[in-house]
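All of these numbers come straight from a predicted model, not from anything done at the bench. Order of the sequence lines sets the chain letters (A, B, ...), proteins ahead of strands, with each chain counted from 1.
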Amino acid sequence: MAANGSPKPEPMAAKKASPDLLNSSFSFKSLKLKTKQQELLLRVSILGLVYVLAFIARLFSVLRYESMIHEFDPYFNYRTTLFLTEKGFYEFWNWFDSESWYPLGRIIGGTLYPGLMVTAALIYWTLRFLRFFVHIREVCVLTAPFFASNTTLVAYFFGKEIWDTGAGLVAAALIAICPGYISRSVAGSYDNEAVAIFALLLTFYLFVKAVKTGSLSWALGSAFGYFYMVSAWGGYVFIINLVPLYVLVLLITGRYSMRLYVAYNCMYILGMLLAMQIRFVGFQHVQSGEHMAAMGVFLLMQVFYFLDWVKHQLNDTKLFQTFLRITVTSAILVGGIALGVGTASGYISPWTGRFYSLLDPTYAKDHIPIIASVSEHQPTAWSSFMFDYHILLFLFPAGLYFCFKRLSDATIFIVMYGLTSLYFAGVMVRLILVATPAVCLISAIAVSATVKNLTSLLRTKQKVPQTGSAKGVGSSKSSSKVTLDQSQPFHKNGAIALLVGVFYLLSRYAIHCTWVTSEAYSSPSIVLAARGAHGNRIIFDDYREAYYWLRQNTPTDAKVMSWWDYGYQITAMGNRTVIVDNNTWNNTHIATVGRAMSSYEDEAYDIMRSLDVNYVLVVFGGVTGYSSDDINKFLWMVRIGGGVYPVIKEPDYLVNGEFRVDKGASPKMLNCLMYKLCYYRFGELVTEYGKPTGYDRARGVEIGNKDIKLEHLEEAYTTSNWIVRIYRVKPPTNRL
Amino acid sequence: MVKSTSKDAQDLFRSLHSAYSATPTNLKIIDMYVVFAVFTALIQVAYMALVGSFPFNSFLSGVLSCVGTAVLAVCLRIQVNKENKEFKGLGFAGEFDSRQYALVLLGLVHRDCELGMGINWSLFPTANTIN
């Protein structure tokens, strides 16, 4: 291996070795390393640094606040992981939870993706086995950064597969700090995407490797990678559609080969069988419309290769043509009939709302307000792209150009992955995460190829102008107008200037990513921070204050009604039963809560009695200026409630189409339950110097109804900054 | 017209037959195995059509494992066929080992599917949750 090192530097190294050893100064040459070993050392150390960088870049919130779980969904994942480590896998797999979605309950074992919880539990048990007695919460908080580091390794190998080791290293470095990925994998963001992106990239890498080598072991590996992805995230549908699409493109462009057959078939059949082990997925691989593309391509491949084999056997075009005609027509007929019968009879279920709204972005707004109301599902603005990708935005087309210049099975795959994922990222802001690995890989190709060309230009000798010009023609950034002799110094200076430019851009990227991570993506959202009048930091820990109040001051069988955003946190931290939570599977139940919140107090009381509600929790930002409170979400409650109960009409709450809470607001708005609960006693409060009492700082107006009397509820607790307010539902008065 | 197409079909059949008899014996054995596996899968589908698909798990596991062995056998055939130039150096034994792993996996998954039968069936009506 070392003998392949180029002969030129070796004698120089040997000559310089002895005086250096005498001086005992440390340098590469003094270690008598060959070029190949130097390169290996460089690569390993770069990868090691990138690995550590990916981990520590995500630790901002742990350093600033504390090691806690962020947001809403991760609290559910944390609670289930806690259950798993305490009760064991069998209990976890068969868990029926009566504490959420009262009175319906939830079959947790069959309605979650267990990959994340099982991964964290395995890490926890491994650490315990090695006698590190950490708390499961610490493991959960740090799972995402750990897997982000592993993703950089996979990105390196993937880049090496597509282009070369240089591109792999750049890809690893880019993906380590890319804000699009960091946003969902900071320490504390214990959500499915933390391991899902790792599984996604791993599956793709193994599949591309399988197509390249045609070996059954790599195909097996990709089937396992797919299984891990299915167990981790609902976004596995992207894989099961992208891979068949890729195979189809290869078939159409004539790049089919036996390797492709082996790779796809093995991955599809074994992957499908493995995926059906996850109860949440169940039989969807054979019954759901979203998975039919994979099956269609599978059958198409059988037909295709059968025809190819027959053609090979016959060696006679005329006979083969007849055979071809017969087979193709019959195959299309049979396939079409099967698909038609399946869809018409309802056996093959149509695309579910969530995925259908990806193909038709306007669908959710008209038909399914619950999906439209989630902020992560909104279409992406241009600023989000710039914010999350920075220079990768323009390196992406450059990388596409390089990929098209050197088309192979692997580059076709990454081009398809990049284009499809970018389209979906444009439809839904949450899917920027899925596009990030593709964008990083393709941009890495652009950077690596450019830098390689420029540095090779720098290394050409002065007295060989022809080779210099040849290299000049090959590179994309140096000028194509090649003139010999006098232009050589110009070329070198140009190359140096461009290289400096490239490094400047990359350094700006690193600065931007660090800034974005620090400012935008490291907030735990359960703890809010603001700057006081003297510049000191003020922490609002109201959420946890309220949940712990619930935990310590209410009966253990109390039921809490709140909007579904807070359900997971209430169950995890408050340990009380909730009516609706973030797993929004029962639209009618949520609509009932929405109706209760938007009705007058008497009607709402009847609904609450029918649901056995003991406490109502609302979030109110009028005192602090916190704008993600329930009044700002109120119109969604109206829309979702109105979607099921036509008695709730949105125009009743608006004035001239405008949503107001001041004196000019509609009477229904001023007297609905949500308004009363949020602004109870608020009319007596002075919130800002120079403004009248009852000035709502989040909406910037003085509220309309200051004298609120509650008949069926009483105030139980209001947190210190009035962010969370809890009310007790009074039992009915005694009938006399 | 009919006569010419039937004559075409006969020519087709004959040339296919003659070309096929030229293939080496080990490939023919693999082919027979593939036909047998597909045949078993078809029998299972027919049985399900007759009797009904109640333990859908077992039906799926049965059919898919048959299809799986068929596919893996075809992969083996591809890799062993000397005429496929892309697979040099992979002897019968080498790929057989990988295939064994794949088949073992298939068998394990089959067993898991069958065992999961009862629990899965009770949950089948409550599918279609959104998370």
Within the 4.5 Å heavy-atom criterion, are [X] and [Y] side-chain neighbours or not?
| X | Y | answer |
| --- | --- | --- |
| B/Leu64 | A/Met276 | yes |
| A/Val262 | B/Val74 | no |
| A/Cys266 | B/Val71 | no |
| A/Val286 | B/Leu60 | yes |

So how far is it from B/Leu72 CG to A/Leu216 CG, rounded to the nearest 0.5 Å?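 CG of A/Leu216 is found 6.0 Å from CG of B/Leu72.
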To the nearest 0.5 Å, what is the distance between CD1 on A/Ile269 and SG on B/Cys66?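 These two atoms lie 11.0 Å from each other.
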Atom CZ of A/Phe89 with >12 non-hydrogen neighbours under 6.0 angstrom: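 Buried by this count: over 12 neighbours within 6.0 Å.
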Bottom line for A/Phe298: the part with an atom under 4.5 Å from chain B's heavy atoms is side chain
